[in-house]
Every structure is written in structure tokens, then in C-alpha cells.
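For reference, the structure discussed in these notes is given below.
Since we're looking at a predicted model, the values are computed, not measured. These numbers come from the heavy atoms of this one structure, side chains and all, not from hydrogens, waters or symmetry mates.
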Amino acid sequence: IQKHNFRTYIANGGDLSQYKVWGKPVEYIHTEEGSYLLCSGWWSLARHFNYIGDLTMCLGWAISCTGPNHIFPWVPLSYCTYFWMMDIH
């Protein structure tokens, strides 16, 4: 919601020197393409919060599919490794 509100404020012609996130002046990066990247609030902590859910789901699947009787015990582990490498990249 913070990013949406920030971009809506810009689109409506708002003055960024007056915009506040969590009661503090907004921090942002103005890119060469002309867009703005929010660097305040939750967006100062992480760029892709959806990855937290993805990684949690990945671990859940790996744990539920791993066991001593599993035919290929390396498959869940390789899935997690692949997924984390993809997200980190």
C-alpha cells in the first residue's frame, strides 16, 4: 500500500518534499528512466516481500516431501536450492 500511495501521490502532481512515510520525509531514488523507487517505510527493508511467502512455501513442500522412504531425497533439496538461487539473482 505504501508504494501505491507514493506513486499515486506522484501521479497526482504532489510535492515530494512534503510527502511523509511513517511520519518522516520520504526517501526515494529518481531513476534515469524517470520513475521513482520508494526507499522509505517497508520498502527500505525489502524490495520483494512476496519472496518471503514463496520461500516459506518452498520449504514447506521440501519438508513434506522429504523422508527416509523417499525415492529421490535430493529432489526437494534441489528445488529449494534452485528457487533460492533464482530469487537471490
Could you pull out the closest heavy-atom pair between Q2 and V21, with the gap in Å?
NE2-CG1, 3.9 Å
Looking at every non-hydrogen atom in both residues, tell me the closest pair between P25 and S40 and how far apart they are.
O-OG, 4.1 Å
What's the spacing between [X] [atom1] and [Y] [atom2] if we round to 0.5 Å?
| X | Y | atom1 | atom2 | value |
| --- | --- | --- | --- | --- |
| D15 | I10 | CG | CD1 | 11.0 Å |
| R7 | L37 | CZ | CG | 7.0 Å |
| L38 | Y28 | CG | OH | 11.0 Å |

Are T31 and Y36 packed together at the side-chain level, in the sense that at least one heavy-atom pair is separated by less than 4.5 angstrom?
no
How about NZ on K24, more than 12 heavy atoms from neighbouring residues, nucleotides or ligands closer than 6.0 Å, or not?
no
Assess whether atom NE2 of H30 is packed by more than 12 heavy atoms of other residues, nucleotides or ligands within 6.0 Å.
yes
Transitive ILVMFWY side-chain link I1 to W22, under 4.5 Å:
no
Using the ring-ring contact (aromatic ring centres under 6.0 Å, His included) criterion, which residues pair with Y9? Sequence neighbours excluded.
Y19
